Q: 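Sharing a structure here in C-alpha cells format.
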There are 2 protein chains.
Amino acid sequence: MTHALDLSRILETADTEGRQAELAALRGLHPSDIAEVLEESRLEPGEVVEILSAVGNHKAIDAFAQLSMETQEACLEAGNAQTMLRFVENMEPDDRVDLLKAVDDEVREAIMPLIAQAERNAIRKLWHYEEGTAGAVMTTEYAMLTKDLTVGEALSHLRLQAPNKETIYYIYITDQQRRLIGTISLRDLIMSKPYAQLERIMETNLISAPHDMDIEEVAALFSKYDLLAVPVVDKENRLLGIITVDDVLDIIEAESTEDFQRISAVLPFDEEYFRRPFHRLFWSRFIWLAILLLTSLISTTIMEANQDALHQMLALSFFIPMVMGTCGNAGTQSATMIVRSMALGEIETSDGWRVFRRELLMGLALGVSLGLIAYFRVFLQDQHALLGIIVASALLATLLAANLVGALLPLILKKIKLDPALTAGPFIATIIDAVGIAIYFQIAFILMRTFQA
Amino acid sequence: MTHALDLSRILETADTEGRQAELAALRGLHPSDIAEVLEESRLEPGEVVEILSAVGNHKAIDAFAQLSMETQEACLEAGNAQTMLRFVENMEPDDRVDLLKAVDDEVREAIMPLIAQAERNAIRKLWHYEEGTAGAVMTTEYAMLTKDLTVGEALSHLRLQAPNKETIYYIYITDQQRRLIGTISLRDLIMSKPYAQLERIMETNLISAPHDMDIEEVAALFSKYDLLAVPVVDKENRLLGIITVDDVLDIIEAESTEDFQRISAVLPFDEEYFRRPFHRLFWSRFIWLAILLLTSLISTTIMEANQDALHQMLALSFFIPMVMGTCGNAGTQSATMIVRSMALGEIETSDGWRVFRRELLMGLALGVSLGLIAYFRVFLQDQHALLGIIVASALLATLLAANLVGALLPLILKKIKLDPALTAGPFIATIIDAVGIAIYFQIAFILMRTFQA
C-alpha cells in the first residue's frame, strides 16, 4: 500500500512508458488499496474519475465502490453521467441508493435515465426504507431458488446466478408468492447427493429480520447465531433482500464511532479527522461546548444564591470539585454499564425495578465508603468536624442521586423510544452537577443551622 | 425464545410424557437459543450438563459451545470427564484452549488423556500464543488443498473435509512445506470448469495475518477487505490457522465493551451485569472512584492555598464548575476524536506535529468564542468587568491546555506502547481539572494584582 505511486503521471496526456508503469502498479493492487491510495492522494474529484477510467478494469469499478461516500459524491458531481454510469451501475444496491440520495438533484436526474430498467426498479424498491433499519442496508442481489429443484439443478442455477449476487453461500428458497420458506447453505448443498430435492434438505427453522428492525438489533442476530447473511422480510414474510456480514462489520464500526462521539460531546460526523474542514470541526465542537457552558452556569447561579453559606464557611467551596467529580464519575459508571448491557441485550426495560434496587444499594455502599474517606481528609487536615460531616453526608446524598439517575435514565429513555446512549453524554452530566451542587448546599445549610445554632 | 419451557421437568427421574414434550421443545430450538435458555435458567452447572446430555444430539454439543466461558468452566468442573469429553472435543480449537486454560488443574488432567491424539496436538499447538494476538483466536480447522488438483477433484476432497472444517468458503493452497501460496473461494470453485487446475485459478495476491498481529488490527483487515476469513501465518509464511468473521464480530464486541468500561472508570469485567456478584461489582467501581477522589483532592489543596484570593473575591469560586466543566468537555472531545481516529488507522503517531498545530488553533478558536460568552454572562449579571476578564481569560488558557493535552496524550501513550484509550479515562480528566484550577487562580492572581494595584 505504500508503494511510492506517482498518480500525477497517470494524468499526463502523453502515454509514456512511465505512465504505463504507474498504471500497471495501480492495477496490481487490491481494489480496497486502490481506493485508499486515491482517498489519500488529495486529487481533485475529476482527476480521481480520470484515473479510475484509465485503470479501466473491474478493479476500478470495485475501487469506486470502496471510496468514502463523500468522495463518491464529489466524483459523481464532477464526472459526466455517461462515464460515471458503469461505476454507479456496479455498486451494491443499498450503497447506490445512499449515494443517489446524497448527490444534487440535477446530477441524479442526468444519470437515472441511463441506468438499466432492472436496476432502476431495484433503486425504487430501496428508496423508501428508513435510515437505520434493516431495509435501508439490505441488498437485493441474493441467490433465490424454488424448493422443487434437485441439488444438481440448484448448483447449475447458481453457476449462472453467482456473478451478480452479493453472496451465494446462503441460498433462499421461496414459494410462488415470494414468501421465504427455507434456506440452504452452499456448504450443505456441496455435501448433499446431486439428486436430493432442496425441499428435503433445506433448513426451515428460519432466522430473518423484519425490514423495519433496527440495524443494531440485526447486528446482534449475526453475533448470536454466527451468520454470514440474514434475509430481510416484510410483514407477509415475503423476501425483500439480504444483509451480509461485511456490511454488518461496517455498521458496528460506524455505530461505535457515533457512540464515542456522543459520549465526548462532538456532533456526529463521518469524515476522517484530517479530512473534516477546520470550520466544520469547530462548529461540531463549539455548539456542544456552548450548550454545556450555558447549562453549567446553573451551578454558578446556585452558588451565587448560597453566597451567605460560603461567606460563613469559605472551605465549603474547596470541596466542590471533589464532590462534583466523584458524583459525575459514579453516575457515568452506572450509566455506561447499563447502556452497554442494554445494547448487548442483557438488560430489558422490564428490569427497571431490579436495576433500581441494585443501584440503590450500590449507591449507599459507595457513598458511605467514599464519604468516610472524605471525612477523614477534612478532619485530619482541617480539624474541622462540622465541615467533615457536611462534606461526607453531602457526598453520600449526591452520589446516591447521581448513581440512580445514571442507572435509570437509560431505561427511561429506551421506554420513551429515545437512544439510551444519550445518557452517557455530558449534557446529563452537567445537569447532574447542578443538582449535586444544590443538594450539597442544602445539606450544608441544614447542618450548619443545626450545629451552629 | 420465550416459550415457557419448564426445564425442571427434564430433570425429573420419571420419563413422563411431559418430560418428553419439554425435551422435544428444547430440541426444536437453535443451539444459540438453547444456550440462552440455559444461561438464564439459574440452574446448577450439574443440572445444565444433565439437560444437555438429555437433549443428546448435535444441537446439545453446539449449544455447549455457545455457553459463556464461565458456565462452560462450571459445567466442566461439575460433570465427570467421560460425560464432558464429547462436548469439549467438539468445541472450536481456540475456544477449547481458552476453556482448558481456565479450569482447575485436576479437571484438565482428568480430561486431557481422554481427548483424541489429533485433537491433543491441536491443543498443544494453540496453547502458547499470547492472548490478544491472531494466534490465540485462530482455529486449526480449515480446508487445505494442493495446487495440482483440478476443480472437480477439489470439490470431491472438500465434500470429505467439510464436516470438520470451520469454513469451506475459502480454501487455502499450500506447498509441500505448508507455505501458503494461494487461496480460492468456494464461489470461484463452483463457477470454474471441473477440469481446470487450482494453480491456474487460485488468487495469489494474498491477505494474511502474522500470528503475533494484534486482534484489533486483524479486525481492521476484515472490514477493509470485506473478508469472511483470514489465514494466519508464521514468519516463513507457513499456514498456522484461520480466523473467521464470526469470531471477529465477538472480538469487536468485547473490545468495544472494554473501551466503554475504561472510559467510564469501571475496572473491566466480562460477566453480564446481573451476573456479576454485588461485592465484586462494588470493588471494580469503588477502587476507581477512591483513586479519583484522592486525585481530585489536589484541586482542594490548590483552592486552600489560594484562599486569600477567594476571600478577596468570593465570586471567583462561582465560576469554578463552569471553567472546569468546559475544559473537561473540550479535552474529552479532542481525546476521543484522536483515540478513535487512531483506532481506525486514520492518524499515526508520526502525525503528532499536524495534530498539534490543528488543535492549537482549535483551542484558541474555541477558547476565544467561549471566553466571550463567559465574559458577557459575568458582566451582564454582576457588572463586574475585572471578574469578567479574569473568568474569560482563565477559560481561554485552561481550555487551550486541556485541548492540547487531550489531543497529544493519546499519541504520546501510543509512542511509549501504552493503550491510547487510557486518555479517555477519568483519571486524566481529574488531573486536567487540577491543572485547570491552578491556571485559573494563577491568572486571577496576576490580573487582580495588575488592576487593583
Side-chain angles (χ1 to χ4, degrees), chain A residues 32 159 162 168-169 186-187 190-191 222-226 245-246 249-250 252-253 256-257 260 264-266 272-273 282 285-286 289-290 292-293 296-297 299-300 303-304 307 310 314 317-319 321-322 325-326 329-330 332-333 336-337 340-341 346-347 365-366 369-370 373 377 426 430 433, chain B residues 32 159 162 168-169 186-187 190-191 222-226 245-246 249-250 252-253 256-257 260 264-266 272-273 282 285-286 289-290 292-293 296-297 299-300 303-304 307 310 314 317-319 321-322 325-326 329-330 332-333 336-337 340-341 346-347 365-366 369-370 373 377 426 430 433:
Chain A
S32 299
R159 284 196 187 95
I168 58 162
Y169 295 138
L186 183 56
R187 178 186 190 137
I190 291 281
M191 285 170 58
F222 275 88
S223 61
K224 179 170 176 192
Y225 295 107
D226 291 345
V245 69
D246 52 310
L249 276 181
D250 296 342
I252 293 179
E253 200 172 75
S256 141
T257 299
F260 277 106
S264 62
V266 181
E272 297 190 4
Y273 172 74
F282 173 82
R285 298 184 59 177
F286 173 76
L289 288 178
L292 294 173
L293 186 149
S296 73
L297 289 171
S299 297
T300 304
M303 287 178 76
E304 284 171 343
Q307 355 201 340
L310 279 175
L314 180 65
S317 72
F318 304 158
F319 295 94
M322 187 272 281
T326 306
N329 290 331
T332 312
Q333 279 185 341
T336 316
M337 258 186 332
R340 185 70 192 156
S341 298
E346 298 167 9
I347 296 183
L366 289 172
S369 43
L370 294 168
I373 297 181
R377 158 66 173 75
T430 310
D433 276 357
Chain B
S32 299
R159 284 197 188 95
I168 57 162
Y169 295 138
L186 183 57
R187 178 186 189 135
I190 292 280
M191 285 169 60
F222 276 88
S223 61
K224 179 170 175 192
Y225 296 107
D226 290 345
V245 68
D246 52 310
L249 277 179
D250 295 342
I252 293 179
E253 201 171 71
S256 138
T257 299
F260 277 106
S264 62
V266 181
E272 298 190 4
Y273 172 73
F282 173 82
R285 297 183 61 177
F286 173 76
L289 288 178
L292 293 173
L293 186 148
S296 73
L297 288 171
S299 298
T300 305
M303 287 179 76
E304 284 171 343
Q307 358 201 338
L310 279 174
L314 181 65
S317 72
F318 304 159
F319 295 95
M322 186 272 281
T326 306
N329 290 331
T332 312
Q333 279 185 341
T336 316
M337 258 186 334
R340 186 70 192 157
S341 298
E346 298 166 9
I347 296 182
L366 290 171
S369 42
L370 295 167
I373 297 181
R377 158 67 172 77
T430 310
D433 276 358

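From a predicted model like this one, the values you see are computed outputs, not experimental measurements. Heavy atoms only: backbone and side chains are in, while hydrogens, waters and symmetry mates are out.
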Q: Please report the closest heavy-atom contact between B/Arg285 and A/Ala330, naming both atoms and the distance.
A: NH2-O, 3.0 Å
Q: Please report the shortest heavy-atom distance between B/Ser369 and B/Ala365, naming the atom on each side.
A: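 Scanning both residues, the minimum pair turns out to be OG-O, 2.7 Å.
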Q: Which answer fits B/Arg377, side chain, backbone, both or neither, if we ask what part of it has an atom under 4.5 Å from a heavy atom of chain A?
A: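 Only the side chain of B/Arg377 comes within 4.5 Å of chain A.
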Q: Does any backbone or side-chain atom of B/Ser341 lie under 4.5 Å from a heavy atom of chain A? Answer side chain, backbone, both or neither.
A: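 When you check distances to chain A, only side chain atoms of B/Ser341 fall under 4.5 Å.
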Q: Nearest 0.5 Å please: distance from the CD atom of A/Gln307 over to the OG atom of B/Ser317.
A: 8.5 Å
Q: Before giving the answer on side chain to side chain contact (heavy atoms under 4.5 Å, CB included), spell out for B/Asn329 and A/Leu293 the whole-Å C-alpha distance, their side-chain angles and the decisive distance to 0.1 Å.
A: CA-CA 9 Å; B/Asn329 290 331; A/Leu293 186 149; over 6 Å; no
Q: Measure distances from B/Leu314 to the heavy atoms of chain A and classify the residue's part below 4.5 Å as side chain, backbone, both or neither.
A: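 Only the side chain of B/Leu314 comes within 4.5 Å of chain A.
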Q: Give me the atom names and distance for the closest heavy-atom approach of A/Met191 to B/Arg159.
A: CG-O, 4.2 Å
Q: If you count heavy-atom pairs under 4.5 Å between each of A/Leu366, A/Asp246, A/Leu249, A/Ile168 and chain B, which one has the most?
A: A/Leu366
Q: If you count heavy-atom pairs under 4.5 Å between each of A/Val245, A/Thr300, A/Leu186 and chain B, which one has the most?
A: A/Thr300
Q: So which residue, B/Thr326, B/Leu370, B/Ile373, B/Asp433, ends up with the most heavy-atom pairs under 4.5 Å with chain A?
A: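 Option with the greatest count: B/Leu370.
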Q: Only pairs of heavy atoms separated by less than 4.5 Å count here; which of A/Ile347, A/Asp250, A/Leu297 has the most with chain B?
A: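 With the most close heavy-atom pairs to chain B, the winner is A/Leu297.
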Q: Quick one: side-chain hydrogen bond (donor to acceptor under 3.5 Å, both in side chains) partners of B/Arg187, sequence neighbours excluded?
A: none
